[in-house]
Protein chains: 2
Amino acid sequence: MAAKYINQSRFTVAVDCIVFGYDGQNLKILLIKRAFTPMVGRWSLMGGFIAKDESADEAAARILESLTGLKNIYQEQFYTFSAPNRDTRERTISIAYFSLIDIKKYKEPSSEYHAEWFSIKDYPDLIFDHTEMVKIAQKRLQYKATSHAILFELLPDKFTLPLLQSLFEDVYGTSFDKGNFSRKMLSTGLLQKQKDKDKAGSKKGAFFYKLDRKHYQQNSHKFLKLVPNPNSLL
Amino acid sequence: MAAKYINQSRFTVAVDCIVFGYDGQNLKILLIKRAFTPMVGRWSLMGGFIAKDESADEAAARILESLTGLKNIYQEQFYTFSAPNRDTRERTISIAYFSLIDIKKYKEPSSEYHAEWFSIKDYPDLIFDHTEMVKIAQKRLQYKATSHAILFELLPDKFTLPLLQSLFEDVYGTSFDKGNFSRKMLSTGLLQKQKDKDKAGSKKGAFFYKLDRKHYQQNSHKFLKLVPNPNSLL
DNA sequence: GCAAAAGTGTTATCACTACACCCATGT
DNA sequence: ACATGGGTGTAGTGATAACACTTTTGC
């Protein structure tokens with residue numbers, strides 16, 4: 001590289017991850033109780049600094065893996081927070097990501113972090129501007145999921161339509177007509193019906209479906225009008 | 001502030017602005033021919049480094065004002081670019097914004113920069129990853145404008161429906177039925193019909209409209225289905 | 001048989017597309 | 001009068017929401 005830029009300020013740059021999970025009942029976020037400074041003992045998002053030779057995407061994936069042990073997780077950069085005093089220790093610019101994981105694949109992290117799942121409807125006060133980050137991430141998730149088949153990332157490989165519906169209902173805080181819901185969902189052509197049923201939730205049992213991932217790549221935009229007023233979300 | 005973070009890398013952080021304008025014919029972007037290093041003589045987006053005490057939003061507004069002389073311009077942060085080698089001189093993370101301005105309010109900048117408008121369909125090679133930035137900004141603009149009344153920012157205070165329609169047509173690269181277009185647009189309740197007409201474009205003359213900015217704040221989400229397949233855009 | 005949840009069918013309504021038509025005016 | 005672009009009317013179509021109905025199975 002040539003000469004460096006002169007007379008310019010340089011800042012630490014971090015990524016923070018809002019990790020969403022779904023346990024079949026509630027949409028949840030993963031938080032950690034800080035065992036390190038600053039703000040020891042307070043709850044925060046999982047985050048870390050960007051290293052010299054990695055992009056923000058790489059940093060987010062690395063940090064997420066260190067927390068969950070999982071690789072190749074869905075992640076999406078959604079906003080960069082840059083208020084000069086947002087970090088009380090030193091000015092730090094934070095590139096925020098949200099991630100979607102199957103909560104059942106998550107195992108207790110290597111005890112290095114004290115992590116815990118909280119309902120998106122009831123979680124503790126967070127440090128810095130992390131509460132604002134969570135709120136914006138939640139809106140982005142709602143917005144994106146109206147038109148993109150990303151909520152599947154929160155479910156196991158095999159899932160039933162009633163489970164998918166209750167996930168949507170929890171994400172949007174409403175309820176849907178089951179008939180209309182299943183018709184719309186199936187009309188996307190993204191779901192492959194399996195031969196077995198989940199008998200846990202009812203006597204009749206509900207058929208499992210899998211996401212057709214090939215079709216998914218090319219037709220995620222076919223996810224039409226699942227939610228009445230998507231435009232009010234962003 | 002307390003002690004600083006130790007052993008962490010620090011980087012220069014910049015903002016880059018994609019400035020959109022509309023001259024009644026074509027959607028355009030404002031580019032500058034660099035009179036400074038690195039990449040002297042090449043075309044690039046307008047950008048600059050974030051100063052010690054300002055947020056990215058503030059930096060973007062400052063930079064935009066220095067280029068156009070205009071304040072209170074619509075601007076929206078849309079993505080942060082962080083590939084380690086994106087800047088050839090020194091690793092720099094760039095927070096990218098797009099802005100919408102009324103091209104007629106723009107006057108030649110204070111000669112400090114050699115700036116020029118280019119059609120979004122035909123503009124020169126840009127330095128670094130700026131071409132990618134422009135492409136992503138264009139997509140974001142298209143996506144956002146399907147559900148938010150932001151394209152008005154590109155027009156004068158008073159504008160006609162035919163002008164608005166040709167703007168939409170240029171942004172989306174299609175044509176719309178004028179009857180359906182005007183009905184949908186008026187049904188949002190965002191437009192206030194004026195008493196005078198623009199006689200420039202036709203013999204009959206087209207009524208001017210103004211944006212009802214109060215209504216706009218609260219009902220920008222009423223901007224429904226102006227474009228056939230918005231979901232394929234993001 | 002009955003309760004409970006899965007899943008299917010049906011209809012009224014509404015929004016949208018396409019296209020025909022009318023309007024105002026400069027030449 | 002007629003060409004030009006602005007603006008309105010309307011029938012056919014298709015998607016949607018609401019809700020009634022049938023299916024399956026454990027108890």
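Residue numbers start from 1 in every chain, and the chains themselves are labelled A, B, ... in the order their sequence lines are given, proteins ahead of strands.
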Classify the side chain of [X] versus the base of [N] as yes if they form a donor-acceptor pair under 3.5 Å and no if they do not.
{"X": "A:Arg183", "N": "C:dG7", "value": "no"}
{"X": "A:Lys203", "N": "D:dT24", "value": "no"}
{"X": "B:Lys204", "N": "C:dA24", "value": "no"}

Expressed as a whole number of angstroms, how long is the span from [X]:[atom1] to [N]:[atom2]?
{"X": "B:Asp177", "N": "D:dG12", "atom1": "CG", "atom2": "P", "value": "18 Å"}
{"X": "A:Met185", "N": "C:dT8", "atom1": "CE", "atom2": "P", "value": "15 Å"}
{"X": "B:Lys178", "N": "C:dC22", "atom1": "NZ", "atom2": "C1'", "value": "11 Å"}
{"X": "B:Lys197", "N": "D:dT4", "atom1": "NZ", "atom2": "C1'", "value": "13 Å"}
{"X": "A:Asp198", "N": "D:dT25", "atom1": "CG", "atom2": "C1'", "value": "14 Å"}
{"X": "A:Phe176", "N": "D:dA17", "atom1": "CZ", "atom2": "P", "value": "10 Å"}
{"X": "B:Lys193", "N": "D:dG6", "atom1": "NZ", "atom2": "P", "value": "14 Å"}
{"X": "A:Asn180", "N": "C:dG7", "atom1": "CG", "atom2": "P", "value": "15 Å"}

To check you understand the geometry: which heavy-atom pair defines the closest contact between B:Met185 and B:Leu191, and what is its length?
CG-CD1, 3.6 Å
On a heavy-atom basis, which atom in A:Tyr79 and which in B:Asp57 lie closest, and how many Å separate them?
OH-OD1, 4.0 Å
Using a heavy-atom cut-off of under 4.0 Å over every strand shown, decide if B:Lys199 touches base, sugar-phosphate, or nothing.
sugar-phosphate
Would you give the length of the straight line joining atom NZ of A:Lys144 to atom CG of A:Leu100, rounded to the nearest 0.5 angstrom?
10.0 Å
Is A:Lys184 near enough to D:dA17 that one of its side-chain N or O atoms lies under 4.0 angstrom from OP1 or OP2?
yes
Assess the side chains of A:Tyr22 and A:Asp102: does a donor N or O sit below 3.5 Å from an acceptor N or O?
no
